[in-house]
2 protein chains.
Amino acid sequence: MVTNKNKYNCCSESSSDDIAAVRAADAELATLAKALGHPVRVHILRVLSQKQSCICGEIVEHVDGLAQSTVSQHLKILKEAGLIRGEIEGTSVCYCINLNGLKRLRVLISNV
Amino acid sequence: MVTNKNKYNCCSESSSDDIAAVRAADAELATLAKALGHPVRVHILRVLSQKQSCICGEIVEHVDGLAQSTVSQHLKILKEAGLIRGEIEGTSVCYCINLNGLKRLRVLISNV
DNA sequence: TATGTTTATCGTAATATGACGATAAAGTCA
DNA sequence: TGACTTTATCGTCATATTACGATAAACATA
């Protein structure tokens with residue numbers, strides 16, 4: 001059906017810089033999406049979204065049936081992806097949504 | 001610190017149906033995000049988005065360096081998540097973006 | 001019918017993820 | 001200081017993912 005690879009001129013106008021930028025966006029979107037790619041992590045985001053902020057122990061209570069260490073792992077993944085932030089308060093850690101990360105994810109998805 | 005679990009009244013207004021619906025949305029969003037959680041799959045989506053539609057063999061060419069079987073696996077994951085559709089055309093398969101799936105993902109993320 | 005083309009699936013190996021309990025680290029408070 | 005609380009990290013195991021080559025399935029065509 002399509003015999004000419006440049007039928008849509010999708011390559012001729014792209015510099016290698018453009019390609020690198022798109023590849024970087026691919027990787028960034030994939031990283032963010034992967035972090036969101038587990039129901040428990042989505043649930044944690046929702047809890048933080050509703051409560052504005054939440055200490056780690058409360059999150060563990062909200063995520064029913066999982067060990068504290070498991071929840072801590074999920075929090076780490078969300079934090080490393082830039083979707084949440086954690087602030088130490090005494091012995092506790094107060095987590096909150098990182099709105100910039102969430103916005104970035106929305107922007108990247110809207111650009112697909 | 002927090003002794004009353006209903007401090008924010010976040011549960012008292014939720015019926016079990018609501019909770020089930022939110023859990024289902026969590027799972028749906030996680031499934032869609034997980035499918036997007038690999039740079040090659042993001043790239044495939046971008047290719048399909050730019051070219052409107054694309055036969056499998058062309059996608060394999062666009063995803064440089066990966067075996068045809070690997071690309072086929074990625075296509076399967078995207079298809080099962082509802083992010084792309086595939087239509088058989090003779091010996092080829094013509095893939096295109098499933099806009100409904102992409103919209104659904106955007107809606108679910110905007111509701112987090 | 002026989003041959004070639006295209007794509008999906010199978011089998012397999014390496015690596016990643018998700019879960020747990022145990023424990024370390026860091027702070028609070030008596 | 002010593003006991004307690006809270007959270008992160010470690011070690012481990014089971015399972016999932018990613019990649020590959022080989023092959024099967026389905027169609028086109030000589």
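Note on naming: letters A, B, ... go to the chains in the order of the sequence lines (proteins, then strands), and numbering restarts at 1 for each one.
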Mind calculating the distance between [atom1] ([X]) and [atom2] ([N]) to the nearest angstrom?
X	N	atom1	atom2	answer
B/E61	C/dT5	CD	P	14 Å
B/L78	D/dT18	CG	P	11 Å
A/E80	C/dT17	CD	C1'	13 Å
A/I77	C/dA16	CD1	P	13 Å
B/L75	D/dA19	CG	C1'	15 Å

Gap separating the OG atom of A/S49 from the CG atom of B/N111, nearest 0.5 angstrom: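 With rounding to 0.5 Å, OG (A/S49) is 9.5 Å from CG (B/N111).
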dist A/S110:OG -> B/K103:NZ (nearest 0.5 Å) comes out at 14.0 Å
Under 4.0 Å from OP1 or OP2 of [N]: is there any side-chain N or O of [X] that close?
X	N	result
B/S92	C/dT7	yes
A/H74	C/dA19	yes
A/Y95	D/dT6	no

Counting primed atoms, P, OP1 and OP2 as sugar-phosphate and everything else as base, the B/S/- map of nucleotides 20-30 of chain D against protein heavy atoms under 4.0 Å is BBB---BBS--
task: Would you mind listing every ring pair (Phe, Tyr, Trp, His ring centres under 6.0 Å) that reaches into residues 80-112 of chain B, with sequence neighbours excluded?
output: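 Listed by first then second residue: nothing to list.
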For A/S92 and A/I55 the tightest heavy-atom approach is CB-CG2, 4.3 Å
Mind checking whether A/L102 and A/N98 have side chains closer than 4.5 Å, heavy atoms only?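 The answer is no, as the side chains (C-beta and beyond) never meet within the 4.5 Å cut-off.
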Report yes if the side chains of B/V47 and B/V63 come closer than 4.5 Å at any heavy-atom pair, otherwise no.
no
Numerically ordered, the residues 34-49 of chain B set in heavy-atom contact under 4.0 Å with DNA chain C is none
Could you give the side-chain donor-acceptor pairs of residues 71-86 of chain A under 3.5 Å, partners two or more places apart or in another chain?
| unit_1 | atom_1 | unit_2 | atom_2 | d |
| --- | --- | --- | --- | --- |
| A/H74 | ND1 | A/R41 | NH1 | 3.0 |

The ring pair (Phe, Tyr, Trp, His ring centres under 6.0 Å) partners of A/H43 (sequence neighbours excluded) come to none
Exercise for review: Look at the side chain of A/C56 and decide which nucleotide, out of D/dT18, C/dT7, D/dA8, has an atom nearest to it.
Suggested key: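 Shortest atom-to-atom distance from the side chain points to D/dA8.
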Extract all donor-acceptor atom pairs below 3.5 Å that involve side chains of residues 25-37 of chain B and protein atoms in other chains or at least two apart in sequence.
| unit_1 | atom_1 | unit_2 | atom_2 | d |
| --- | --- | --- | --- | --- |
| B/D26 | OD1 | A/R46 | NE | 2.5 |
| B/D26 | OD1 | A/R46 | NH2 | 2.6 |
| B/E28 | OE1 | B/R104 | NE | 3.3 |
| B/E28 | OE1 | B/R104 | NH2 | 2.7 |
| B/E28 | OE2 | B/R104 | NE | 2.7 |
| B/T31 | OG1 | B/A27 | O | 2.9 |

